[in-house]
Each structure stands twice: as structure tokens, then as C-alpha cells.
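The structure appears right after this line, and notes come after that.
Predicted model only: the values in this text are computed from it and were never measured.
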Amino acid sequence: MTFLQTIIVAIVEGLTEFLPVSSTGHMIITQNLLGVPQGDSFVHAFTFIIQFGAILSVVCLYRKRFFQLDMTPAPAGSNAWQRFKHKWHFYWLLLIAFIPAAFVGLAFKMSGVLDKLLDSVEVVAVMLVAGGVFMLFCDRLFNQGSDANAVDEKRAFKIGWFQCLSVIPGVSRSMATIVGGMQQKLTRKRAAEFSFFLAVPTMAAATLLDLLDLFHEDGNWATADNLFLLLTGCVVAFVVALAAMKWFVSFLTKYGFKYFGIYRIIVGGFILIWLLTGHSLVMVG
């Protein structure tokens with residue numbers, strides 16, 4: 001990858017990471033348009049690692065809520081384990097929600113299915129359209145959230161299973177987890193914020209796994225140039241995502257998913273038509 005390609009892909013990642021439009025799908029599309037070689041192990045890893053740069057914006061923006069312990073007294077009669085869960089309640093919920101994706105994601109990764117999906121623009125386009133159609137109706141299906149409802153262990157675990165859908169490029173981790181939260185009667189805002197928090201352990205694990213794979217396959221990739229591209233991509237994605245996340249919560253709370261659904265259908269539909277008419281998505285190179 002060139003420096004310019006890195007900057008463009010990182011901007012796309014930062015803009016789309018928290019939007020329900022699939023950041024991975026958009027990066028795959030962008031890489032194809034820019035002529036970035038697909039199937040390369042470093043490109044695959046780059047796609048996931050810079051997402052962690054965007055995810056760190058959550059820690060920055062919500063730092064007071066992310067670094068929190070419940071210091072209030074535990075319920076009377078609580079045993080040591082219950083007192084521990086009470087104090088570390090926020091992180092305990094994130095762990096519960098993370099577990100399903102950890103198993104499913106690892107299974108897809110070890111089977112090689114994930115890498116094959118990452119090389120398929122067709123899969124991305126189909127899922128963009130399918131997800132877009134669903135999003136036109138999901139507000140009416142799940143728009144019954146209440147401020148009285150909070151994330152508990154049961155809701156967190158179910159949201160975690162919704163997140164598993166995002167192993168398919170084009171689905172959108174953000175969409176899957178927010179819809180999962182709304183299905184559990186959370187408000188759009190509360191569902192979106194929990195989706196942001198859950199992204200941190202999920203993408204941290206994905207980043208670590210990809211780094212280990214890279215070193216295991218061939219440590220020669222860790223050149224000064226490649227490390228510089230990774231660092232640049234993470235920093236750009238972080239800055240752009242910070243601004244995009246603030247805007248997204250306000251927009252989603254006010255307007256819901258409808259306009260994102262329309263956008264997904266237009267982009268995915270255009271790509272499908274373009275490919276089915278014998279054209280190549282590679283515009284550069």
C-alpha cells in the first residue's frame with residue numbers, strides 16, 4: 001500500500017466505523033477502487049488493525065464512563081463473587097457480550113472463511129443491499145425502547161450474539177449490535193453507546209489476532225515502511241472517527257436507520273450492477 005492509499009482508506013474507516021454501513025465493507029470497496037492488492041496478508045491485517053485506531057476514539061470520548069468502577073455498596077448479603085461483579089459491573093457486561101463473537105470470530109478465522117470473505121466485493125455488495133432493506137423497516141420493528149431499560153447480563157449476552165453477524169463483510173458490526181440492543185428494548189442512544197463500548201474489546205482482540213497471524217506467517221512484513229503505514233492509518237482513523245461518532249449518536253437518535261438503509265441500497269446496488277455488467281471495480285492501477 002502507498003501512503004496516499006493508506007490515508008484514504010483510514011479516512012473511510014474513521015467515517016464509517018460507527019455508522020451502520022459496514023466499515024470493513026467500505027474499506028474493501030475503497031481498496032479495490034484504489035487498486036490495493038487483495039489477498040495480501042498485510043492488507044488483510046491492515047483492514048482490521050486500523051479499525052482499532054478508530055475504536056480508541058470511544059475510550060477518548062467516553063473516558064469517564066469507560067474507566068469506571070461501581071463503588072456503591074453491594075446489596076446486603078452478597079458473597080465475594082457478587083461483590084466483585086457489582087464493583088466491576090460495566091466490564092463484566094462487556095465480557096459477557098464479547099464471548100459469542102470471540103468463539104464465532106475465531107472459528108471463522110481458523111477455518112479460513114473470514115479471509116475469503118474479505119476478498120469478495122460481491123459478498124459486501126449483497127450484504128449492503130440486504131442490510132439496507134432491513135434497515136428501512138427495523139425502526140418500526142424495534143422502536144419500543146425505554147429509558148427505564150438498562151443493559152443487564154441477559155441483554156448483553158443476546159447483543160453479543162447479534163454482533164456475530166458482523167463477521168460477514170457488509171453486515172456492519174455497528175448495525176448488528178445496535179439492532180440487537182433495540183430488540184432488547186433499549187433506546188437507540190443507549191443501544192448505540194453500548195455498541196461503541198463493546199467495539200473496544202472486540203476490535204482489540206481482532207487486532208491482536210491479526211498481529212499474531214502476521215508474525216507467525218512472515219515476520220518480514222514488519223518493515224519500517226509498513227509499521228509507519230499502520231501507525232498513520234490508526235491515527236487518521238482515530239481523529240476522523242472521533243468527529244463521526246459525535247454526529248452519529250445525534251443523527252440516529254433523531255432520524256433512526258432509514259437514511260442509512262437507503263444509502264446502503266444505493267451503494268450496494270450500484271456495485272452489483274457494475275460487476276454483473278462485466279466491469280471491474282478496480283479503477284486505479
Side-chain angles (χ1 to χ4, degrees), residues 16-25 51 55 58 62 65-66 85 89-105 107-108 123-124 126-203 205-206 244-245 247-265 268:
T16 59
E17 177 58 45
F18 299 106
L19 306 186
V21 296
S22 178
S23 61
T24 302
Q51 289 184 69
I55 295 304
V58 175
Y62 291 95
R65 293 176 58 186
F66 195 84
K85 288 199 302 179
H89 183 65
F90 174 74
Y91 303 104
W92 174 245
L93 293 177
L94 290 184
L95 176 62
I96 290 174
F98 166 72
I99 289 173
F103 282 102
V104 174
F108 269 67
V123 170
V124 171
V126 169
M127 297 312 301
L128 281 175
V129 173
V133 172
F134 170 76
M135 289 169 67
L136 295 179
F137 304 99
C138 70
D139 285 315
R140 280 178 281 180
L141 291 172
F142 303 120
N143 194 20
Q144 300 175 2
S146 170
D147 286 323
N149 295 330
V151 181
D152 55 19
E153 294 178 356
K154 184 178 179 180
R155 287 191 172 105
F157 190 64
K158 290 183 177 180
I159 292 171
W161 282 108
F162 273 87
Q163 180 172 238
C164 294
L165 297 172
S166 64
V167 297
I168 305 173
V171 169
S172 170
R173 193 206 63 83
S174 176
M175 181 190 77
T177 50
I178 294 174
V179 169
M182 292 169 63
Q183 192 272 335
Q184 291 299 303
K185 309 301 182 183
L186 300 180
T187 61
R188 291 174 185 162
K189 182 177 181 181
R190 183 164 285 175
E193 289 179 344
F194 188 73
S195 171
F196 298 162
F197 297 145
L198 181 55
V200 176
T202 302
M203 296 313 303
M245 183 167 44
W247 171 84
F248 172 58
V249 174
S250 176
F251 187 92
L252 179 68
T253 302
K254 187 174 182 179
Y255 297 107
F257 282 109
K258 179 180 178 180
Y259 295 105
F260 293 112
I262 294 172
Y263 169 80
R264 288 174 64 113
I265 292 171

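With contacts defined as side-chain heavy-atom distances shorter than 4.5 Å, the pair Phe18/Ile55 qualifies. The shortest distance between side-chain heavy atoms of Leu19 and Phe251 does not fall below 4.5 Å. In this structure the side chain of Phe162 never reaches within 4.5 angstrom of the side chain of Thr177, judged on heavy atoms. Two residues are said to be in side-chain contact when any heavy atoms from C-beta on lie closer than 4.5 Å; Ile178 and Phe142 fail this criterion. By the 4.5 Å heavy-atom criterion applied to side chains, Asp139 and Met182 are counted as neighbours. You'll find the side chain of Val129 stays beyond 4.5 Å of the side chain of Arg264, heavy atoms only. You'll find the side chain of Gln51 reaches within 4.5 Å of the side chain of Ser23, heavy atoms only.
Separation of atoms CD1 (Ile96) and CZ (Phe157) is listed at 8.5 Å; rounding is to 0.5 Å. Rounding to the nearest 0.5 angstrom, the gap separating the OG atom in Ser22 from the CE atom in Met175 is 9.0 Å. Residue Leu93 holds its CG atom at 9.5 Å from NZ of Lys85, rounded to the nearest 0.5 Å. Rounding to the nearest 0.5 Å gives a distance of 9.5 Å between CG of Leu252 and CH2 of Trp247.
Residues satisfying the salt bridge (charged side-chain N to carboxylate O under 4.0 Å, His left out) criterion with Arg190, sequence neighbours excluded, are absent altogether.
Side-chain atoms of Ser166 come within 3.5 Å of backbone atoms of Gln163 as a donor-acceptor pair (strictly under, hydrogens ignored). Side chain of Asn149 to main chain of Lys185: a donor-acceptor pair is present (N/O by atom type, distance under 3.5 Å, no hydrogens or angles). The backbone N or O of Gly181 lies less than 3.5 Å from no partner atom in the side chain of Arg155, so there is not a single donor-acceptor pair. No side-chain donor-acceptor contact under 3.5 Å links Arg173 to the backbone of Glu17.
Taking each heavy atom of Glu153 and Trp92 in turn, the nearest pair found is OE2-NE1, 2.8 Å. For Leu128 against Val21, the heavy-atom pair with the smallest separation is CD2-O, 3.2 Å. Nearest heavy-atom pair, Pro20 versus Ser174, reported as atom, atom and distance to 0.1 Å: N-OG, 4.1 Å.
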For Phe260 and Ser172: C-alpha separation, side-chain torsions, deciding distance, then whether side chain to side chain contact (heavy atoms under 4.5 Å, CB included) applies.
CA-CA 11 Å; Phe260 293 112; Ser172 170; over 6 Å; no
Output, in order, the C-alpha distance, side-chain angles, deciding distance and verdict of side chain to side chain contact (heavy atoms under 4.5 Å, CB included) for Phe194 and Leu94.
CA-CA 9 Å; Phe194 188 73; Leu94 290 184; 3.9 Å; yes
Chi angles and distances behind the side chain to side chain contact (heavy atoms under 4.5 Å, CB included) call for Met245, Tyr62:
CA-CA 11 Å; Met245 183 167 44; Tyr62 291 95; 4.1 Å; yes
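Phe66 and Phe197 have tilted rings, their planes meeting at an angle from 30° to 60° on a 0 to 90° scale.
Open room surrounds NZ on Lys189; 12 or fewer heavy atoms of other groups in view lie less than 6.0 Å from it.
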